[in-house]
There are 2 protein chains.
Amino acid sequence: MREQAPAIEAWISLLRGQSAAVGAVNAQLVADHGLTVNDFECMLLLARAEERRLRRVDLAEQLILTASGVTRLLDGLEKEGWVDRAACASDRRVTYAVLTDEGLAKLREASKTHVADLRAFFEARYTSEELEQLAGLLGRLHADAPELDCSVD
Amino acid sequence: MREQAPAIEAWISLLRGQSAAVGAVNAQLVADHGLTVNDFECMLLLARAEERRLRRVDLAEQLILTASGVTRLLDGLEKEGWVDRAACASDRRVTYAVLTDEGLAKLREASKTHVADLRAFFEARYTSEELEQLAGLLGRLHADAPELDCSVD
DNA sequence: GCGATACAATTGACTACGCAAGCAATAGTA
DNA sequence: TACTATTGCTTGCGTAGTCAATTGTATCGC
């Protein structure tokens, strides 16, 4: 029952580490700005996007949420006036989520402390080399996992 | 608005990577055994504990859940007969969570595929050296973060 | 042009948590 | 002994997310 494979160690560290980190960072962000981590990331993606807008489906993919999760996330941001809707001329099924000027202002304001908090949190634990290592390693988790879900052998 | 600090890169990778990994692994575990990742980890902690039992408070700390989260997690496991309650002789406030024989059997059965899935998932992406690196790095996230929450300067 | 199929988005019902409040038992203090 | 904290646990309520079903629009084969 006692496990030893490095994969298992990594898995446990991932579960615990992410919970701890997200818990701390999110609490700070909520306390300081009334935004959750996903609110922030969502607005950030919009801010970086062409014309400050994205299809909901693309937002879902990048945030790793389902379509309905995005609908509900955006509901909240729309209520606050930080995000608005816009129709797509070439495909009437899609509704863009657009970051408003207020949303951009809010994002900029929140960024000031949030980015500093993030850097403080990570730089207290890692050197910049280690941060690059970590980012590189974690990035691979996102990629396809043929082994896991298509066991056709 | 566009960010470049390695800390931010690491943060994004952590958010996305964990979501992707937990999503995949959890879906597999639920499909194969009707257990969530937390169900599994909880039973695993109990299995490894002295007399296969733990105080709910200790379980909460290790799983990074609140006390109420643990109560509800255990509710489900108790309903299935995998976990039972036991009083503590020396302190009548505490109720132990005890892994039953059925629970241990269920855990062993689930372990067979789950551990293999985990190894497949991670070993498809990393060498064993990288896994050790990753586990070591992630482990630091869990430690105290004096910088973040006591900004007394 | 027309049906079958696919896709974007929303909605209702549900789950898994957290937080705050409350209860019971213990520990500290006088 | 009594009075006050503190601790372990549970419960009501709120929130963030999922899944399954639905609607409206596109697109493909013919």
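A, B, ... follow the sequence lines: proteins, then strands. Residue 1 opens every chain.
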Query raised in the report: So what does B:Gly69 hit on the nucleic acid, given a heavy-atom distance under 4.0 Å: a base, only sugar-phosphate, or nothing?
Result: sugar-phosphate
Report summary line: Paired with B:Met43, the side chain to side chain contact (heavy atoms under 4.5 Å, CB included) test is passed by just one of B:Leu35, B:Asn38, B:Leu104, B:Thr100, namely B:Leu35
Query raised in the report: Between A:Asn38 and D:dG17, is there a side-chain N or O to OP1/OP2 distance below 4.0 Å?
Result: yes
Query - A:Tyr126 side chain vs B:Leu137 backbone, donor-acceptor pair below 3.5 Å - result: yes
Query - Check: D:dC19 base within 3.5 Å donor-acceptor of A:Thr66 side chain - result: no
Report task. Quickly work out the B:Asn26 CG to C:dA16 C1' distance and round it to whole Å. Result -> 11 Å
**Report entry** Atom of B:Val70, atom of B:Arg56 and distance for their closest heavy-atom approach
**Finding:** CG1-O, 3.8 Å
Query raised in the report: Rounding to a whole Å, what distance do you find between A:Tyr96:OH and D:dT25:P?
Result: 17 Å
**Report entry** Atom-pair distance (CG on A:Leu73; P on C:dA9), nearest Å
**Finding:** 14 Å
Query raised in the report: Across the strands shown, which category fits B:Thr71 at heavy-atom distances under 4.0 angstrom: base, sugar-phosphate, nothing?
Result: base
Report summary line: Considering only heavy side-chain atoms of A:Arg93, the closest of C:dA9, D:dT25, C:dT26 is D:dT25
Query - Stacked cation flag A:Arg125 on A:Phe121, 6.0 angstrom / 45 deg - result: yes
Requested in this report: Starting at atom CG of B:Asp58, determine the distance to atom P of D:dC9, rounded to an integer number of angstrom.
Outcome: 8 Å
**Report entry** Check: A:Arg92 side chain, D:dT25 base, donor-acceptor under 3.5 Å
**Finding:** no
Query - Donor-acceptor pair under 3.5 Å, B:Arg56 side chain vs D:dT7 base - result: no
Requested in this report: Give the rounded distance in Å between these two atoms: CZ of A:Arg53 and C1' of C:dA8.
Outcome: 16 Å
Report task. Please evaluate the base of C:dG18 for a donor-acceptor partner in the side chain of B:Arg72 within a cut-off of under 3.5 Å? Result -> yes
Report task. Taking only the side-chain heavy atoms of B:Asp91 (C-beta and beyond), determine which of D:dC9, D:dG17, C:dT26 contains the nearest atom. Result -> C:dT26
**Report entry** Spacing of A:Arg55 atom CZ relative to C:dA9 atom P, expressed in whole Å
**Finding:** 6 Å
Query raised in the report: Any donor-acceptor pair under 3.5 Å between the side chain of B:Ser68 and the base of D:dC9?
Result: no
Report task. Return the value, rounded to whole Å, for the distance between atom CG of B:Leu74 and atom C1' of C:dA16. Result -> 14 Å
Query raised in the report: Taking A:Cys42 as the fixed residue, which of A:Leu77, A:Val83, A:Leu107 is the one that meets the side chain to side chain contact (heavy atoms under 4.5 Å, CB included) rule?
Result: A:Leu77
**Report entry** A:Lys79 NZ to D:dT15 P, straight-line distance once rounded to whole Å
**Finding:** 10 Å
Report task. For the side chain of A:Ala67, starting at C-beta, report the closest nucleotide among D:dC9, C:dT26, C:dT10. Result -> C:dT10
Query raised in the report: Closest to the B:Val57 side chain: C:dA8, D:dT11, D:dG8?
Result: D:dG8
